[in-house]
Protein chains: 2
Amino acid sequence: MPSAAHPVEPSADAGAAPAFSPLYQQIKALLVRSLQGSEWRPGEAIPSELELAARFKVSQGTVRKAIDELAAEGLLVRRQGKGTFVATHAEQTVQYRFLRLAPDEGATAPVERRVLDCRRLRAPAEVARALDLKSGEAAVLVRRLLSAQGRPVVLDDIWLPGALFKGLTAEKLSGWRGPMYELFESEFGVRMIRAEEQIRAVAADAATAQLLAVEPGAPLLSVERLSRTYGDKPVELRRGLYHTAQHHYRNELS
Amino acid sequence: MPSAAHPVEPSADAGAAPAFSPLYQQIKALLVRSLQGSEWRPGEAIPSELELAARFKVSQGTVRKAIDELAAEGLLVRRQGKGTFVATHAEQTVQYRFLRLAPDEGATAPVERRVLDCRRLRAPAEVARALDLKSGEAAVLVRRLLSAQGRPVVLDDIWLPGALFKGLTAEKLSGWRGPMYELFESEFGVRMIRAEEQIRAVAADAATAQLLAVEPGAPLLSVERLSRTYGDKPVELRRGLYHTAQHHYRNELS
DNA sequence: ACGCATTTGTTCGTATGTATT
DNA sequence: TAATACATACGAACAAATGCG
């Protein structure tokens, strides 16, 4: 068995990865493919390392390294003794994976959600550009309000590609218990795996002020999020306005 | 050679790690110790994997895993063919490791810095609490202004433990080219390795407004940072006020 | 300009430990 | 208790990048 450390020949199962990348990177790309193609769904276990090693004809260690990176990127979750699972926005234990807002004091109380609006319309230019839509293509706009202890804290405007979210209605959103991204996973097969945020301080306009129960002109945190799914494809543009009197956005640097 | 996977006996070089942790975790703790004790300084190379393996009497792979984690945490930097180096706030090439502010358009132009104040005084209660100081202990307060394209953007109030920063003066700060954290490393042996930030939107008070050249009451981003060194010891409390009209705070979620 | 030694990076194989069911 | 799956640890070999003579 001499050809251990050579790149695999682009023969049978040639993947999307450039042929001259390390084996484990190629395996990683193949795994992402299977995730993308819903071979394994969020929350499910993927095959064991040994099974995958057999399937791809590589050693367990190589599969391990591929999985290690996917786990580090948050696509997979390892659980000793149980298996390796596809990451999901469900459970995710403590809280919403992407929500970085925390109360200044006390534990993160559960938030109440109210859907203010949910409509289909043509994507404005800026939204179309961000979501890689053709100009004039359909988009869904969701507007919602998050409250903690009865006080409004977050006003979200959420833009989604219309083609991916056929049948998304205010009723469906309101009826859903649990994170919205969980609904997107289970109902529309869209999985948010990564996002970039741009944060600014802005002054509340009159309409916003009323919704968030603050004075017009009050400082608000503006959080613009572009969420991506597999292959870095953008699938959500979100603009949140956070009232940060009793809450803050937390971040860790390293 | 039967005793491969057993925890090392707490004999010769017993470390800080609990005796029942994986070998590579123990090695990791020993490496952190050496970093903490300045056996290797920022920017320097640590011994090669084989040397370390010999020193600790473990396999290269075990050292590798320890180094892998330290690299993932940002304490070390690996460079193929050259060695593994102690992370530093110097070079760090592109930009300041911890500064997340980016211009809305264009590349990150270099910022001009102006030190407004640098004085020693007793730490206020809140600062003392955050920095683990006894109440009334000495602290250094630095106030500075960052500008981009001639326009002020960031006003920083920086609190440091007086005991660690003896001899820090406005002159020393002003004379320094390069990141402030680089000065802290080289001059005071204090290395910031991790930080937590709490972000809010606030209204500019009169004094701040003048310094940042905005209207009083204008919305500003308030960024409170607690920086830590080895062993999670807090060594800096910083409060920055960012003018986010032409800039934003960027963040990545995953 | 070439080649060699060094150092990290990749890959395999094997055995054993530990958590879960 | 046994089987399964991930976690740890060892050893060995070759690849790729770097720096030096």
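Chain identifiers are assigned alphabetically (A, B, ...) following the order of the sequence lines, protein sequences preceding nucleic acid strands; residue numbering begins at 1 within each chain.
The residue A:Gly61 sits apart from the nucleic acid: no heavy atom pair falls under 4.0 Å.
For the pair B:Lys65 and D:dA9, the criterion of a side-chain N or O lying under 4.0 Å from OP1 or OP2 is not met. Within the 4.0 Å cut-off from OP1 or OP2 of C:dT21, at least one side-chain nitrogen or oxygen of A:Lys82 is found. Distances shorter than 4.0 Å separate none of the side-chain N or O atoms of B:Thr84 from OP1 or OP2 on C:dT7.
Picking from D:dC10, C:dT10, D:dC6 the nucleotide with the shortest atom distance to the side chain of A:Glu49 gives D:dC6. With distances taken from any side-chain atom of B:Val58 to the nucleotides D:dA9, D:dC10, C:dG9, the minimum falls on D:dC10.
The CD1-C1' distance, from B:Ile67 to C:dT7, rounds to 11 Å in whole Å. Between the CZ atom of B:Arg64 and the C1' atom of D:dG11 there is a distance of 14 Å, given to the nearest Å. One atom, CG of A:Asp68, and another, P of D:dA7, lie 8 Å apart when rounded to the nearest Å. In this entry the distance linking CD of A:Gln25 with C1' of D:dA15 reads 15 Å, nearest Å. The nearest whole Å value for the distance from the CG atom in B:Leu52 to the C1' atom in D:dC10 is 17 Å. As rounded to whole Å, 18 Å separates atom P of C:dT16 from atom CD of A:Gln80. The CD-P distance, from B:Glu69 to D:dA7, rounds to 12 Å in whole Å. Protein atom CZ of B:Arg79 is 13 Å distant from nucleotide atom C1' of C:dT7, rounded to whole Å.
A:His89 has its ring centre less than 6.0 Å from the ring centre of A:Phe98.
Judged by distance alone, the side chain of B:Glu224 and the main-chain N or O of B:Arg238 form no donor-acceptor pair under 3.5 Å. Using a distance-only test at 3.5 Å, with no hydrogens or angles considered, no donor-acceptor pair links the side chain of A:Glu49 to the main chain of A:Val63.
Heavy-atom distances to DNA chain C give each of A:Gly81 and A:Lys57 a nearest nucleotide, and the one nearer the 5′ end belongs to A:Lys57.
A cation-pi contact, defined as under 6.0 Å to the ring centre and within 45° of the axis, is absent between A:Arg191 and A:Tyr181. The cationic atom of B:Arg79 (NZ for Lys, CZ for Arg) lies less than 6.0 Å from the six-membered ring centre of B:Phe85 and within 45° of the ring axis.
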